[in-house]
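Read the numbers this way: they start at 1 and go in the same order the structure lists the ligands and their atoms. None of these values were measured; they are calculated from a predicted model.
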Amino acid sequence: MAIEKTFLMVKPDGVERQVIGDIMDRFERRGFELKGAKLMNVSRELAEKHYAEHAERPFFGELVDFITSGPVFAMVWEGESVISLARIMIGATKPSESQPGTIRGDYAVTVSHNVIHGSDSLASAEREIELWFDGELV
Ligand code: DAT
Ligand code: MG
């Protein structure tokens, strides 16, 4: 077990639906510490770099279109095992598998518009924090 940092992003659908406050509240109540946050528009270049692992997937173009369609709320949270615990709090990617009580299980019914991104490993977290918050953390 270790103190980690993870990258979370409320996607344009979550910003539009005004669930940023609820999402931040969940992570604060769990005991994690906010290290950085910003509301921002995303360039295609940044979206393509962020989702580079999916570049060959058939949904890649739609995914980049969606992430660049409106502001996102990017965050870095710190705490014990935060990378894996945040993924559990976010819920499964597929709506048919995301449990009630998770963020996606409470707010999303489609795989493409699923409210929030969270880093899936230590390597992803380090890569994504550098990509989105290079030198900006408190
Ligand atoms: P996660 O966001 O849970 O890490 P992922 O990395 O497999 O999931 O995919 C990244 C995003 O791409 C996901 O949040 C939504 C979109 N996506 C994944 N699979 C998809 C599919 N079959 N059709 C459309 N969008 C998809
Ligand atoms: Mg992923």
Going by atom types only, do Ser121 and Ser124 share a side-chain donor-acceptor pair under 3.5 Å? yes

Is Phe66 close to Ser112 at the side-chain level, that is, under 4.5 Å between some pair of heavy atoms? no

Do Glu128 and His117 come within less than 4.5 Å of each other through their side chains, counting heavy atoms only? yes

At what distance is the nearest protein heavy atom to [atom], and which residue and atom is it?
| atom | value |
| --- | --- |
| atom 1 (P) of ligand 1 | Thr93 OG1, 3.5 Å |
| atom 18 (C) of ligand 1 | Phe59 CZ, 3.5 Å |
| atom 5 (P) of ligand 1 | His54 NE2, 3.5 Å |
| atom 13 (C) of ligand 1 | Asn114 ND2, 3.7 Å |

Would the distance check show the side chain of [X] and the main-chain N or O of [Y] forming a donor-acceptor pair, the cut-off being under 3.5 Å?
| X | Y | result |
| --- | --- | --- |
| Glu78 | Glu33 | no |
| Asn114 | Val111 | yes |
| Arg104 | Pro95 | no |

Does ligand 1 have any atom that is closer than 4.0 Å to a heavy atom of [X]?
| X | answer |
| --- | --- |
| Glu62 | no |
| Val111 | yes |
| Arg87 | yes |
| Arg104 | yes |

Ligand 1-proximal atoms of Asp120, by part, heavy-atom distance under 4.0 Å: neither

Would you mind telling me if ligand 1 is within reach of the side chain of Met9, the backbone, both or neither, using heavy atoms under 4.0 Å? neither

For ligand 1 and Arg57, I'd like to know whether there is a polar contact (N/O to N/O, distance under 3.5 Å). no

N/O of His117 under 3.5 Å from N/O of ligand 1, yes or no? no

Which atoms from ligand 1 have a heavy atom of Lys11 less than 4.0 Å away? 13 (C), 14 (O)

What are the atoms of ligand 1, with element, lying closer than 4.0 Å to any heavy atom of Tyr51? 10 (C)

When the aromatic ring centroids of His113 and Tyr107 are compared, is their separation below 6.0 Å? no

Checking Lys11 against Phe73: charged group under 6.0 Å from the ring centre and within 45 degrees of the axis? no

So Lys38 and Glu136, salt bridge (charged side-chain N to carboxylate O under 4.0 Å, His left out) or not? Walk me through it. CA-CA 10 Å; Lys38 54 186 171 183; Glu136 293 175 24; 3.0 Å; yes

